[in-house]
Protein chains: 2
Amino acid sequence: MARPVTDTRERIIAAASKLFYSDGIRGVSVDAVAARAGLTKRTLYYHFRSKDDLVAAYLAARDQPNLALFQRWFAETEGGLPDKVEGIFRNLARSARHPKWKGCGFLRTSAELANMPGHPAIKIGAAHKKKFENWLRVTFEAAGIGEGSRLARQILLLLDGSFAVVLLHRDPSYMETAGEAARSLTELALADAVSPLETPPSATAAPDGRGRGPARWRSPRGRSRRG
Amino acid sequence: MARPVTDTRERIIAAASKLFYSDGIRGVSVDAVAARAGLTKRTLYYHFRSKDDLVAAYLAARDQPNLALFQRWFAETEGGLPDKVEGIFRNLARSARHPKWKGCGFLRTSAELANMPGHPAIKIGAAHKKKFENWLRVTFEAAGIGEGSRLARQILLLLDGSFAVVLLHRDPSYMETAGEAARSLTELALADAVSPLETPPSATAAPDGRGRGPARWRSPRGRSRRG
DNA sequence: CCATGTATACCGTCCAGTGAATATACTCAA
DNA sequence: TTGAGTATATTCACTGGACGGTATACATGG
């Protein structure tokens with residue numbers, strides 16, 4: 001056989017993506033992923049050193065498509081900046097009504113692996129969210145919002161909050177509420193940008209408060225189920 | 001022996017609470033909980049029918065204390081409504097700096113068990129968040145905010161968003177950002193309440209002087225690890 | 001002596017990861 | 001052109017252990 005490496009590898013990632021997103025990391029066995037990909041576990045272990053590696057690959061594969069989707073939703077919404085921001089939430093609410101929707105894979109993985117702070121998958125999730133936040137910031141600053149960094153974080157908080165809340169209540173209307181709040185905050189920031197005078201200097205003290213944390217986690221070799 | 005039922009039962013719940021919160025549901029075995037409680041697994045199964053029951057009891061035990069804590073933080077913060085709302089987030093940021101902090105147990109459990117929509121623990125988590133949202137709504141309405149329901153949902157979204165984001169980045173400063181956003185939205189709602197009719201933009205009526213702009217799941221018996 | 005509660009030992013299953021062998025494509029010398 | 005050798009890719013069968021849950025027996029207070 002010897003199908004080109006990438007084919008098999010990507011089939012595995014595709015299978016892992018569906019299963020991990022649907023049933024969680026610890027709820028899916030490596031055998032299950034292999035079976036869904038139509039091959040043996042041993043083959044899977046030829047392409048990935050460990051389950052943790054596979055989990056990281058699963059999230060890495062979702063990074064850019066996810067980001068691009070949000071950017072498309074933003075770009076395709078007609079109107080001013082507040083409309084476009086709210087458009088993200090509207091589209092998200094629509095997709096959250098799909099029966100297979102189960103929240104944000106990055107956040108759910110980070111919640112499940114919260115006791116492994118240095119896990120590669122968590123790093124990838126954190127980088128993904130940072131990318132999103134950064135894209136928002138740049139977009140807002142380009143629109144003349146001085147405190148674009150703060151607004152970006154606020155929007156991010158509302159977005160991830162709606163992921164969590166809608167997952168818990170299975171009620172996508174919370175995303176519309178989040179969208180309204182995001183719109184309000186955007187309008188507020190725009191108003192402040194127009195009249196920049198009365199703004200107290202409080203603002204963004206530490207631009208990027210890097211969280212401390214010893215990030216202890218034993219690397220590839222070894223069990224992943226229990227720390 | 002025959003220690004009164006409640007003693008043993010509560011020791012088990014206390015042990016489960018620490019372990020489940022720290023390492024997640026699927027990451028903690030029933031044996032581990034029993035060991036931590038200083039007894040045998042068989043004894044644990046005398047007090048709880050299944051692991052799922054135990055998980056539900058773990059969250060149920062956290063319901064009221066958690067709620068009371070938020071209410072205390074709100075009550076103990078000096079100032080007006082926006083200050084008190086922001087106070088919740090400030091206190092939360094402080095507690096999130098504790099090394100053992102790992103986000104919100106309710107949200108993390110719902111994320112981990114997202115593929116079991118009817119799981120009793122998820123129902124308890126949903127009820128808990130509803131209680132919190134309801135308390136906010138009542139509080140806001142008592143303060144004369146007509147759209148107290150909407151504001152309550154917005155604050156809830158920011159709160160749960162900060163749980164998720166801070167857990168991912170291990171950077172509690174996001175909670176301060178969420179607190180600022182919550183303050184802004186509260187001031188906005190207050191301004192709307194003060195001038196309920198047509199006072200579109202301008203209107204610096206807010207105390208701060210801030211301007212305004214525009215499932216299915218099989219019950220107890222049986223395995224819980226895989227659906 | 002019965003109800004309550006606790007312990008020992010066990011069952012069947014699942015799971016992450018591995019050893020050894022096999023099949024296929026590609027390389028290069030005769 | 002061919003045939004041996006090698007790197008790539010895949011499979012079968014297995015290990016050692018953990019896990020949820022249970023059968024059975026033992027203790028102790030009413």
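Only this structure's heavy atoms are used, side chains among them; waters, hydrogens and symmetry mates stay out. Every chain is numbered from 1, with letters handed out A, B, ... down the list of sequences.
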Practice task
Could you tell me the separation between the CG atom of Leu19(B) and the P atom of dC19(D), rounded to a whole number of Å?
Solution key: 12 Å
Completion exercise
Stems field, DNA chain C, Watson-Crick or wobble, 3.5 Å, at least 3 pairs, by first number, holds C:1-30 with D:1-30
Practice task
Using a cut-off of strictly less than 4.0 Å, decide whether His47(A) has a side-chain nitrogen or oxygen near OP1 or OP2 of dT8(D).
Solution key: no
Fill in the blank from the handout: Atom CG of Asp53(B) and atom P of dG20(D) are separated, to the nearest Å, by 14 Å
Completion exercise
Taking dT6(C), dT11(D), dA16(C) as options, the one with an atom nearest any side-chain atom of Thr8(B) is dT6(C)
Problem - Integer-rounded Å distance: dG5(C) P and Leu39(B) CG - result: 13 Å
Practice task
Check for a donor-acceptor pair, side chain of Lys102(B) on one end and backbone N or O of Tyr21(B) on the other, with a separation under 3.5 Å.
Solution key: no
Problem - Spacing of Phe48(B) atom CZ relative to dT22(D) atom P, expressed in whole Å - result: 16 Å
Practice task
Give the rounded distance in Å between these two atoms: CG of Leu44(A) and C1' of dT18(C).
Solution key: 14 Å
Fill in the blank from the handout: Taken to the nearest 0.5 Å, the spacing of Leu156(B) CG from Thr177(A) OG1 works out to 10.0 Å
Exercise for the section: Please determine if a side-chain N or O atom of Ser50(B) lies less than 4.0 Å away from the OP1 or OP2 oxygen of dG20(D). Expected result: no
Exercise for the section: Look at the side-chain N and O atoms of Thr40(B) and state whether any lies under 4.0 Å from the OP1 or OP2 oxygen of dT6(C). Expected result: no
Handout entry: salt_bridge(Arg97(A), Glu176(A)) N-O dist < 4.0 Å
Key = yes
Handout entry: Position toward the 5' end of DNA chain C (nearest nucleotide), Arg42(A) or Asp31(A)
Key = Asp31(A)
Handout entry: N/O (side chain, Tyr46(A)) to phosphate O (OP1/OP2, dT10(D)) under 4.0 Å
Key = no
Exercise for the section: Hey, can you tell me if Phe20(B) and Tyr58(B) have their rings parallel, tilted or perpendicular (30° and 60° cut-offs)? Expected result: tilted
Practice task
Provide, to the nearest angstrom, the distance between the CG atom belonging to Leu54(A) and the P atom belonging to dG17(C).
Solution key: 10 Å
Problem - side chain to side chain donor-acceptor pair (under 3.5 Å) involving Ser95(B) - partner list, sequence neighbours excluded - result: none
Exercise for the section: Could you tell me whether Trp135(A) and Phe74(A) have their ring centroids closer than 6.0 angstrom? Expected result: yes
Practice task
Output yes when at least one side-chain N/O atom of Ser29(B) is less than 4.0 Å from OP1 or OP2 of dC19(D), else no.
Solution key: yes
Practice task
Calculate the interatomic distance between Asp7(A) atom CG and dT24(C) atom C1'; express it in whole Å.
Solution key: 15 Å
Practice task
Check whether any side-chain heavy atom of Leu157(A) sits under 4.5 Å from a side-chain heavy atom of Leu157(B), and report yes or no.
Solution key: no
Handout entry: Polar side-chain contact Lys41(B)-dG20(D) base: donor and acceptor under 3.5 Å
Key = yes
Practice task
Report the distance from atom CZ of Arg26(B) to atom C1' of dC15(C), rounded to the nearest whole Å.
Solution key: 14 Å
